[in-house]
Trainee: 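Take a look at the following structure, please.
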Number of protein chains: 4
Amino acid sequence: MSDIRRQRVPRPVREQQIIDAAIRVFARRGYHAASVDEIAELAGISKPMVYLYLDSKEGLFLACLRREAERLLTAFRAAAGPAHSPELRLRAGLLAFFTFVAEHRDSWVVLHRQSSEPSPAITAELARSRRALLAEVTGLVRADIEESDGPACPEDDAEFVTYTLVGAADSLTDWMALHPGEPPERITLRLMNMVWVGMRNVLDGEVWTTPSGTP
Amino acid sequence: MSDIRRQRVPRPVREQQIIDAAIRVFARRGYHAASVDEIAELAGISKPMVYLYLDSKEGLFLACLRREAERLLTAFRAAAGPAHSPELRLRAGLLAFFTFVAEHRDSWVVLHRQSSEPSPAITAELARSRRALLAEVTGLVRADIEESDGPACPEDDAEFVTYTLVGAADSLTDWMALHPGEPPERITLRLMNMVWVGMRNVLDGEVWTTPSGTP
Amino acid sequence: MSDIRRQRVPRPVREQQIIDAAIRVFARRGYHAASVDEIAELAGISKPMVYLYLDSKEGLFLACLRREAERLLTAFRAAAGPAHSPELRLRAGLLAFFTFVAEHRDSWVVLHRQSSEPSPAITAELARSRRALLAEVTGLVRADIEESDGPACPEDDAEFVTYTLVGAADSLTDWMALHPGEPPERITLRLMNMVWVGMRNVLDGEVWTTPSGTP
Amino acid sequence: MSDIRRQRVPRPVREQQIIDAAIRVFARRGYHAASVDEIAELAGISKPMVYLYLDSKEGLFLACLRREAERLLTAFRAAAGPAHSPELRLRAGLLAFFTFVAEHRDSWVVLHRQSSEPSPAITAELARSRRALLAEVTGLVRADIEESDGPACPEDDAEFVTYTLVGAADSLTDWMALHPGEPPERITLRLMNMVWVGMRNVLDGEVWTTPSGTP
DNA sequence: AATGAATGAGCCTTCATTCAT
DNA sequence: GATGAATGAAGGCTCATTCAT
């Protein structure tokens with residue numbers, strides 16, 4: 001602002017700046033209510049640059065989705081890969097997730113909280129990235145079963161557990177925002193505490209009954 | 001079209017018809033992308049009626065939020081109230097929740113999947129209804145602790161468990177949509193199976209450790 | 001302007017007013033340079049009405065094309081139909097044409113002077129209306145041959161004559177604008193004078209040679 | 001792209017390349033719809049070069065008009081000049097015209113098919129070049145009269161004939177595009193056949209009458 | 001109770017044009 | 001001689017909202 005001379009920034013850098021700004025605005029307002037004007041202003045450039053580099057509002061949103069999905073998945077895989085027991089791998093993955101969201105809250109909102117589907121391309125990309133994350137988690141869940149049990153776990157059950165886990169983690173994301181001091185490690189531990197035993201129950205096909213035995 | 005006499009419908013009925021239509025459209029498109037035109041058409045009336053009865057797009061949305069939040073809470077309370085053990089009350093509450101969502105998917109989407117907050121009034125109303133549901137669940141969670149333990153449960157832990165539970169239930173809502181035949185009872189049972197034991201762990205302040213004992 | 005109350009005009013009337021204004025603007029500026037803003041202002045309404053009634057700039061242009069092509073063709077056919085000799089029919093048709101253009105210069109410009117092809121739909125509609133007029137003229141030209149000669153006239157020659165005739169008439173449209181007092185009747189007579197004999201020459205396949213016989 | 005050394009081309013050559021590209025684009029799209037971007041790309045250079053050499057979109061268009069009007073006029077004069085009888089001069093001029101258009105269709109489109117007048121400078125230049133061509137033709141037409149008759153030909157009549165002739169020739173340009181094999185010579189001959197006699201009629205002030213004598 | 005007609009404001013997008021290198 | 005980076009301005013289109021009947 002104080003230096004009025006037009007900044008001359010190489011294209012790849014500018015593109016990232018624009019995507020950074022877009023993620024903030026898309027997260028705050030949602031896809032439809034977000035205006036390219038606001039994104040451009042936050043990025044410190046004029047609107048035509050956005051169109052020159054990212055093609056359209058849709059293209060811009062897709063670029064955000066792709067970049068952040070990639071980042072999150074990479075972080076998740078890098079964390080969950082090395083450990084040996086499925087239990088430790090899940091724990092590491094969750095920690096990576098909460099760490100990522102703690103640092104990139106807006107990215108997670110953009111990736112996971114788009115309620116409507118503005119265009120086929122966006123619908124597809126959202127589906128793609130969500131499926132990739134689910135697949136990653138399902139992989140860990142399955143690995144756990146196969147190790148401990150035999151082959152008996154039905155497809156459905158692993159999926160059920162995955163949805164439960166991802167939903168819980170997503171919701172804890174809000175809890176985290178309410179408790180800024182809380183380190184991701186503690187959240188991860190508590191979540192493991194809460195679901196680890198139960199996971200086994202479900203995957204083993206146990207049927208919950210009331211303590212008194214009444215169904 | 002020209003021959004159908006303009007329907008004369010008493011105001012309260014018309015209002016409900018408009019809200020019904022609005023919920024469908026808001027759920028499908030999201031608040032911003034929803035157009036009053038589409039809502040009026042789906043309700044089978046002209047636009048000025050919408051404004052006459054509900055005042056504005058915002059007023060219309062608020063009416064949707066209020067009516068559906070009320071419905072859901074009522075259903076939840078009615079189910080969770082009578083039973084005696086906290087465990088059974090939670091189970092009944094979850095069943096009521098899944099039953100409600102199975103029958104009113106759009107309502108849940110409107111209540112819980114608004115990614116952005118278009119106006120202070122809406123923000124407030126959303127917060128109010130979400131808080132009410134959370135409070136209901138937290139109540140059950142606390143009741144459980146107090147019965148079994150003593151007063152030792154920290155505020156945070158109950159809230160943590162609540163967020164986990166609500167997030168899981170919300171996410172299972174999607175799983176439910178993927179498995180249309182699945183009865184809400186089975187979903188409820190599996191979810192209880194998965195979280196009931198873990199809840200106790202967390203509320204008792206247990207610290208999860210790796211199987212091998214490494215923290 | 002002096003009466004500020006919003007005019008309430010029934011839809012069919014407004015549509016014609018909008019098309020009237022559009023023809024003037026499209027003629028003056030060409031399709032691309034014409035702005036919907038200017039059209040709306042000339043029609044004395046706001047822009048959204050244009051879109052409500054005619055759908056888009058393209059739809060508006062198509063409406064202009066259809067209405068004016070219809071008018072011109074109707075006038076042409078009504079004039080050229082009744083007379084008995086082809087010669088008189090052609091004369092009557094040309095008179096109708098010049099009369100139409102004298103009264104609706106802008107329409108002719110819109111119908112015939114669009115240099116570029118902005119969209120497939122417009123290209124198609126322009127082709128359709130131009131072809132219809134050409135067909136009308138070609139019909140008269142052919143009728144003339146068949147009456148006087150035998151069947152020997154090649155397809156190409158009738159078409160050649162038609163293009164010549166139409167091009168001449170179109171260009172005389174400009175001449176007419178330069179000589180405002182000139183009645184359409186005189187223009188028609190002079191044009192008949194100029195082409196009637198030659199038409200026969202071409203249709204009979206005569207080959208022109210220099211007076212001195214040098215090719 | 002990165003490896004091709006930037007071409008160093010002397011200014012006059014580059015200018016012609018740019019004008020070549022511009023004519024193609026202006027012909028295809030019309031003045032307004034043509035974009036400087038597309039012209040620069042087709043010319044194989046960057047946009048600032050266009051502005052450096054031709055100053056503005058308007059300047060670019062004017063340069064096109066001037067160059068092509070000059071070319072056409074030169075060809076016309078060179079052809080029509082030498083012959084001795086007006087008849088042969090007209091024939092030679094028409095042949096030159098059709099030959100030019102056969103080879104430079106885009107140029108003729110740019111020169112003669114601009115439906116709107118974007119700026120005073122362009123309006124003036126277009127008028128100038130059209131007038132120059134008309135003057136050339138009118139010259140031939142007058143020469144013919146003066147030779148055969150005497151001074152009696154009214155100004156108007158020569159102009160009328162000129163407009164007819166030019167309009168016919170322009171329209172036959174489209175016919176030519178529809179019949180790619182047709183040599184310009186045949187078109188010229190047929191056009192002469194069609195108008196030569198009629199021209200005399202008009203210039204002599206004859207009044208066309210119906211065969212049966214009814215005016 | 002109900003609606004056809006109308007609009008101000010805002011958003012996505014593009015284009016001619018310039019600046020700094 | 002040549003270009004990548006950047007923008008002011010304007011145009012097409014839509015939407016929430018209101019007026020007159």
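So that the names make sense, note that chain A is the first sequence line, chain B the second, and so on, each numbered from 1.
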Trainee: If you restrict it to nitrogen or oxygen atoms, what contacts under 3.5 Å exist between nucleotides 13-17 of chain E and the protein, and what is each distance?
Mentor:
| residue | atom | partner | partner atom | Å |
| --- | --- | --- | --- | --- |
| dT13(E) | OP2 | Y51(A) | OH | 2.9 |
| dT13(E) | OP2 | K57(A) | N | 2.9 |
| dT13(E) | O4 | K47(A) | NZ | 2.8 |
| dA16(E) | OP1 | A34(D) | O | 3.0 |
| dA16(E) | OP1 | K57(D) | NZ | 2.8 |
| dA16(E) | OP2 | V36(D) | N | 3.1 |
| dT17(E) | OP2 | Y51(D) | OH | 3.0 |
| dT17(E) | OP2 | K57(D) | N | 2.9 |
| dT17(E) | O4 | K47(D) | NZ | 2.6 |

Trainee: From CD1 of I18(C) over to C1' of dA6(E), roughly how many Å is that when rounded to an integer?
Mentor: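 Between C1' of dA6(E) and CD1 of I18(C): 11 Å.
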
Trainee: What's I45(A) touching, base or sugar-phosphate or nothing? Going by heavy atoms closer than 4.0 Å.
Mentor: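 Here I45(A) touches the backbone only, sparing every base.
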
Trainee: Rounded to whole Å, how long is the line connecting atom CD of E38(B) with atom C1' of dT14(F)?
Mentor: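 Taking CD of E38(B) and C1' of dT14(F), I get 14 Å after rounding.
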
Trainee: Tell me the closest heavy-atom pair linking I39(A) and I18(A), and the distance in Å.
Mentor: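 In this case the closest contact between I39(A) and I18(A) is CG2-O, 4.2 Å.
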
Trainee: Specify the separation, in whole Å, of atom CG of L54(C) and atom P of dA5(E).
Mentor: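 So the two atoms are 14 Å apart, to the nearest Å.
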
Trainee: Where does DNA chain F pair, written as one dot-bracket string 5' to 3', with Watson-Crick or G-U pairs under 3.5 Å, ( ) inside the strand, [ ] for crossing pairs and | for another strand?
Mentor: .||||||||||||||||||||

Trainee: Establish, with yes or no, whether the OP1 or OP2 oxygen of dA6(E) is under 4.0 angstrom from a side-chain nitrogen or oxygen of R14(C).
Mentor: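 Yes, such a contact exists.
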
Trainee: When you look at CD of E41(A), are more than 12 heavy atoms from neighbouring residues, nucleotides or ligands closer to it than 6.0 Å?
Mentor: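 Counting neighbours around CD of E41(A), 12 or fewer heavy atoms of other residues, nucleotides or ligands fall under 6.0 Å, so no.
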
Trainee: Suppose the criterion is ring pair (Phe, Tyr, Trp, His ring centres under 6.0 Å): which pairs have a residue in residues 36-58 of chain B, not counting sequence neighbours?
Mentor: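 Sorted pair list comes back empty.
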
Trainee: Could you note down all residue pairs passing side chain to side chain donor-acceptor pair (under 3.5 Å) where residues 17-28 of chain D supplies at least one of them, sequence neighbours left out?
Mentor: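 Residue pairs with at least one partner in residues 17-28 of chain D: R14(D)-Q17(D), D20(D)-R67(D).
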
Trainee: How many whole angstroms separate atom CE of M49(A) from atom P of dT18(E)?
Mentor: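 After rounding, the reported distance stands at 18 Å.
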
Trainee: Let me know the distance between CD of Q17(B) and C1' of dA1(E), rounded to the nearest Å.
Mentor: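 In whole Å, dA1(E) C1' and Q17(B) CD are 13 Å from each other.
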
Trainee: Please report, rounded to the nearest Å, how far the P atom of dG4(E) is from the CD atom of E15(C).
Mentor: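 To the nearest whole Å, that distance equals 15 Å.
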
Trainee: Please give, in whole Å, the distance from dT14(F) P to Y53(C) OH?
Mentor: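 So the two atoms are 16 Å apart, to the nearest Å.
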
Trainee: Considering residues at least two apart in sequence or located in another chain, which fulfil the side chain to side chain donor-acceptor pair (under 3.5 Å) criterion with R130(C)?
Mentor: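 Residues passing side chain to side chain donor-acceptor pair (under 3.5 Å) with R130(C): none at all.
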
Trainee: Tell me whether S115(A) contacts the main-chain N or O of R113(B) through its side chain, where contact means a donor paired with an acceptor under 3.5 Å.
Mentor: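 Yes; judged by distance alone, with no hydrogens or angles, the pair exists.
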
Trainee: Relative to F26(D), does K57(D) satisfy both conditions: NZ or CZ under 6.0 angstrom from the six-membered ring centre, and within 45 degrees of the ring's axis?
Mentor: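 No, K57(D) and F26(D) do not form such a contact.
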
Trainee: Under 4.0 Å between a side-chain N/O of R11(A) and OP1 or OP2 of dA6(F), yes or no?
Mentor: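 So the side-chain polar atoms of R11(A) never come under 4.0 Å of the phosphate oxygens OP1 or OP2 of dA6(F).
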
Trainee: Can you list everything that forms a side chain to side chain donor-acceptor pair (under 3.5 Å) with R66(A)? Sequence neighbours excluded, please.
Mentor: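 Here no residue qualifies.
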
Trainee: Using whole Å, what does the distance between atom P of nucleotide dC19(E) and atom CG of L52(D) come to?
Mentor: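 Atom-to-atom, L52(D) to dC19(E), this comes out as 13 Å.
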
Trainee: Should we count CZ of R11(C) as having more than 12 external heavy atoms under 6.0 Å?
Mentor: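 Yes, CZ of R11(C) has more than 12 neighbouring heavy atoms, counting only those of other groups under 6.0 Å.
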
Trainee: Let's see if you can work this out: which of dA5(E), dC19(E), dT3(E) has an atom nearest to the side-chain heavy atoms of R8(A)?
Mentor: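 Closest of the options to the side chain of R8(A): dC19(E).
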
